[in-house]
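Input: a single structure, listed below in structure tokens.
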Amino acid sequence: MVTVSPSECEGVSTWAYALQLPHDARAARIARVTLRAVLSGHGMSPLQDDAELLASELVTNAYRYSSGPATLRLCGLGRSRLRVSVRDANPHIPPPFDQRSGPVRRVPVEADGGRGLFLVCHYASAWGGYPVGGGLGGRGGKLLWCEVGPSAGAGPAPRPVAAGPLDHSLR
């Protein structure tokens with residue numbers, strides 16, 4: 001299922017696409033293909049590499065650590081900024097998205113995994129996460145989000161951004 005909601009807000013072009021993904025190992029690939037098409041269609045191809053990496057990591061985590069479907073949402077914030085969010089049914093918000101774990105820690109070289117969210121935090125200009133109520137299968141869950149592209153202000157966006165219900169459309 002794909003939901004599209006283009007709009008004009010205060011003279012700035014904004015849009016959003018939502019894609020429901022089944023609990024399937026192919027979900028990350030489907031998310032990347034969809035993201036490429038969306039960014040190309042909106043003239044935002046320069047964000048493609050970073051956005052693909054971030055979406056892939058978030059969708060892969062949803063598949064690995066949740067037992068149900070996930071929802072990928074892509075939201076254009078102006079002409080050169082993108083928010084990627086993934087909602088799943090697992091209520092656990094992992095560090096550093098939980099806002100309580102402190103700074104992002106590097107993963108030891110010999111570790112077999114654990115680099116995905118480190119990469120998200122490294123390549124994203126902002127990120128956050130928050131719990132969500134019912135919806136996917138009637139259970140609670142979480143939404144993790146990140147942004148790529150130049151920040152709205154003069155300087156870089158703060159890291160991390162305080163968690164809070166920023167993505168109301170996925171409730």
Side-chain angles (χ1 to χ4, degrees), residues 1-10 12 14-35 38-39 51-78 81-105 113-114 116-121 123-149 151-152 157-171:
M1 173 173 81
V2 176
T3 304
V4 181
S5 60
S7 68
E8 289 289 327
C9 178
E10 298 178 13
V12 177
T14 61
W15 47 262
Y17 294 80
L19 175 65
Q20 186 164 347
L21 299 162
H23 188 258
D24 187 298
R26 296 169 286 199
R29 181 179 168 281
I30 300 298
R32 288 190 303 270
V33 169
T34 301
L35 183 135
V38 168
L39 291 181
E52 263 191 73
L53 173 67
L54 302 179
S56 185
E57 292 298 338
L58 293 177
V59 170
T60 297
N61 272 15
Y63 170 72
R64 290 183 70 191
Y65 300 109
S66 181
S67 59
T71 301
L72 169 71
R73 185 165 192 262
L74 306 172
C75 183
L77 307 171
R81 190 158 180 82
L82 175 73
R83 175 174 287 168
V84 176
S85 58
V86 175
R87 178 180 177 176
D88 65 48
N90 183 341
H92 173 71
I93 300 175
F97 289 85
D98 63 359
Q99 304 296 310
R100 293 184 299 274
S101 60
V104 179
R105 294 190 185 114
L117 294 181
F118 171 78
L119 289 172
V120 171
C121 296
Y123 285 96
S125 56
W127 69 84
Y130 56 90
V132 291
L136 295 173
R139 302 184 310 255
K142 70 174 169 300
L143 185 134
L144 301 181
W145 62 271
C146 59
E147 294 180 3
V148 293
S151 56
R159 292 185 200 195
V161 173
L166 300 174
D167 202 337
H168 302 288
S169 66
L170 295 178
R171 286 189 175 185

Legend entry - Where R83 and W145 come nearest, the two heavy atoms and their spacing: NE-CE3, 3.6 Å
Legend entry - Main-chain N/O of G149 paired to R81 side chain as donor or acceptor, under 3.5 Å: yes
Inset, instruction - Apply side-chain contact (heavy atoms from CB on, under 4.5 Å) to C75 and L77, showing your working. - result: CA-CA 6 Å; C75 183; L77 307 171; 3.8 Å; yes
Legend entry - Interatomic spacing from CG in L53 to CG in L58 - rounded to 0.5 Å: 9.5 Å
Legend entry - Heavy-atom side-chain contact between S66 and K142 under 4.5 Å: no
Legend entry - Criterion side-chain contact (heavy atoms from CB on, under 4.5 Å) on W15 and V38, from CA distance to verdict: CA-CA 10 Å; W15 47 262; V38 168; 3.5 Å; yes
Inset, instruction - Report the C-alpha separation of H23 and Y63 in whole Å, then their side-chain angles, then the decisive distance to 0.1 Å, and conclude whether the side-chain contact (heavy atoms from CB on, under 4.5 Å) test is met. - result: CA-CA 6 Å; H23 188 258; Y63 170 72; 3.6 Å; yes
Legend entry - Straight-line distance of L144 CG to F97 CZ, nearest 0.5 Å: 5.5 Å
Legend entry - From R29 atom CZ to T60 atom OG1, the distance as rounded to the nearest 0.5 Å: 13.0 Å
Legend entry - Smallest separation among heavy atoms of N90 and D88, with atom names: N-OD1, 2.9 Å
Inset, instruction - Apply side-chain contact (heavy atoms from CB on, under 4.5 Å) to A31 and list each qualifying residue two or more places apart in sequence or on a separate chain. - result: L21, V59, L72
Legend entry - Shortest non-hydrogen contact from A51 toward L39: CB-CD1, 4.0 Å
Inset, instruction - Scan for salt bridge (charged side-chain N to carboxylate O under 4.0 Å, His left out) pairs involving residues 14-25, sequence neighbours excluded, and state none if there are none. - result: D24-R26
Legend entry - Atom pair CG/OG1 of L74 and T34 - distance to nearest 0.5 Å: 8.0 Å
Inset, instruction - Return the minimal non-hydrogen interatomic distance between V86 and A62, and the atom names on each side. - result: CG1-CB, 3.9 Å
Inset, instruction - Check the pair L54, W127 against side-chain contact (heavy atoms from CB on, under 4.5 Å), reporting the backbone distance first and the verdict last. - result: CA-CA 11 Å; L54 302 179; W127 69 84; over 6 Å; no
Legend entry - Over all atoms of both residues, closest heavy-atom pair of T71 and A18: CG2-CB, 4.4 Å
Legend entry - Point-to-point distance, once rounded to the nearest 0.5 Å, from CD of E147 to OG of S85: 10.0 Å
